[in-house]
Amino acid sequence: LSEMMFTIDKTGPVLTLNGVEKDGKTNCNVLVDATDDTSTLKVYLNGEEINYEHGNELKAEGVYLITAIDALGNITEISFTIDKTAPTIILNGVENKGSTRKTVSLGESSEEAMVTVYFNDEEIAYKQGDSLTKVGKYRVVVTDSSNNASEYTFTIEKKVSNGEIALIVIGCLGVAGGIVFFILKK
């Protein structure tokens, strides 16, 4: 009887991601590498297998599943998401880069995101639904979990009261009346 030595390999190929962690999200391109050169690599984007040439970066937005199968049939799978789209938010009461004399509030964002509000370049506490009423310059930054961000700016101007409007009108009429009187006198 002769003795044979063999090794049982149940370990899947090692996959390396450059640009994102396993099960993570990124707004960058991703490079995938399998340490076992004999592995078959399959790449799925949003559930559909795509053509992938080893060494090329993955650039398209979506959910990726990478499957590596070695010569013995051992499988390794990893997934991640590429998200390059900045979240948006609705401004109620003013247009982006505009100005108003009215109250402003922030509506829903297009996706789950962190909203940071700055008043005259200082960060202020803000929670969804709060009204912004102070006269000054505002900047709103909306950032998602992939670190994509969008920025909105607007100004709330001083409200002019009816009394101030009346004084301006009287002043203008007084100046106009003086000019008319001066012209008639000549």
Side-chain angles (χ1 to χ4, degrees), residues 17-32 45-47 50 56-66 78-186:
L17 297 174
N18 194 351
V20 68
E21 293 182 19
K22 179 181 177 183
D23 300 321
K25 286 180 85 174
T26 185
N27 60 5
C28 300
N29 298 338
V30 175
L31 187 61
V32 178
L45 174 59
N46 299 323
I50 62 171
N56 287 346
E57 288 185 322
L58 299 170
K59 300 176 183 180
E61 287 190 274
V63 178
Y64 284 87
L65 173 65
I66 312 297
I78 55 174
S79 61
F80 59 89
T81 302
I82 296 178
D83 172 12
K84 297 181 181 183
T85 302
T88 58
I89 199 164
I90 297 170
L91 296 177
N92 297 310
V94 70
E95 299 270 327
N96 186 28
K97 299 180 183 168
S99 62
T100 186
R101 289 186 170 91
K102 298 179 181 179
T103 297
V104 174
S105 65
L106 306 178
E108 294 294 317
S109 60
S110 60
E111 61 183 277
E112 188 173 320
M114 181 175 72
V115 178
T116 308
V117 179
Y118 298 88
F119 173 69
N120 292 333
D121 294 324
E122 302 248 346
E123 185 176 343
I124 62 172
Y126 181 85
K127 65 180 189 203
Q128 193 69 30
D130 284 353
S131 293
L132 302 170
T133 58
K134 289 184 179 179
V135 173
K137 294 182 181 192
Y138 289 84
R139 183 168 56 100
V140 177
V141 180
V142 185
T143 309
D144 68 14
S145 61
S146 296
N147 216 24
N148 298 304
S150 57
E151 186 173 296
Y152 302 84
T153 58
F154 59 90
T155 302
I156 295 181
E157 297 175 344
K158 182 180 178 194
K159 295 177 183 168
V160 181
S161 70
N162 289 340
E164 290 172 315
I165 293 172
L167 288 174
I168 292 169
V169 169
I170 291 170
C172 289
L173 289 174
V175 169
I179 293 172
V180 170
F181 178 75
F182 177 75
I183 292 174
L184 289 176
K185 195 171 181 182
K186 280 192 158 194

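All values below were derived from every heavy atom in this structure, side-chain atoms included, with hydrogens, water molecules and symmetry-related copies excluded.
Sorted by first and then second residue, the salt bridge (charged side-chain N to carboxylate O under 4.0 Å, His left out) pairs involving residues 121-140 (not counting sequence neighbours) are Arg139-Glu151.
Looking only at side-chain heavy atoms (C-beta outward), Lys84 and Asn29 come within less than 4.5 Å of each other. With contacts defined as side-chain heavy-atom distances shorter than 4.5 Å, the pair Thr133/Ile156 does not qualify. Within the 4.5 Å cutoff, no side-chain heavy atoms of Thr81 are placed close to those of Thr26. At a threshold of 4.5 Å between non-hydrogen side-chain atoms, the residues Ile82 and Val20 do not count as touching. Counting heavy atoms from C-beta outward, Phe80 and Leu58 have side chains that approach closer than 4.5 Å.
Partners of Lys102 according to the side-chain contact (heavy atoms from CB on, under 4.5 Å) rule, which considers only residues two or more places apart in sequence or in another chain, are Thr100. Remark: Thr103 pairs with no residue by the side chain to side chain donor-acceptor pair (under 3.5 Å) rule, at least two apart or across chains. Every ring-ring contact (aromatic ring centres under 6.0 Å, His included) that Tyr138 has, sequence neighbours left out, goes to Phe119, Phe154. For Ser150, the side-chain contact (heavy atoms from CB on, under 4.5 Å) test picks out Ala86, Val142, Tyr152, with sequence neighbours left out. By the side-chain contact (heavy atoms from CB on, under 4.5 Å) test, Asn18 is found to be paired with Leu31, residues two or more places apart in sequence or in another chain being considered.
In this structure, CE in Met114 is found 8.5 Å from CG in Asn147, a value given to the nearest 0.5 Å. In this structure, the separation between OG on Ser146 and CD on Glu111 is 7.5 Å, given to the nearest 0.5 Å. Separation of atoms CG (Asn148) and OG1 (Thr143) is listed at 9.0 Å; rounding is to 0.5 Å. The structure places OG of Ser109 at 9.5 Å from CG of Asp144, a figure rounded to the nearest 0.5 Å. We find the CG-CG distance between Leu17 and Asp23 to be 9.5 Å, quoted to the nearest 0.5 Å. Taking CD1 of Ile90 as the start and CG of Leu106 as the end, the distance is 10.5 Å to the nearest 0.5 Å.
Side-chain N or O atoms of Asn96 include one that pairs as donor or acceptor with a backbone N or O of Thr153 at under 3.5 Å.
Across all their heavy atoms, Gly107 and Gln128 have their closest contact at O-NE2, 2.8 Å.
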query = Between Asp83 and Asn27, does a side chain to side chain contact (heavy atoms under 4.5 Å, CB included) hold up when you go through it step by step?
reply = CA-CA 5 Å; Asp83 172 12; Asn27 60 5; 5.8 Å; no
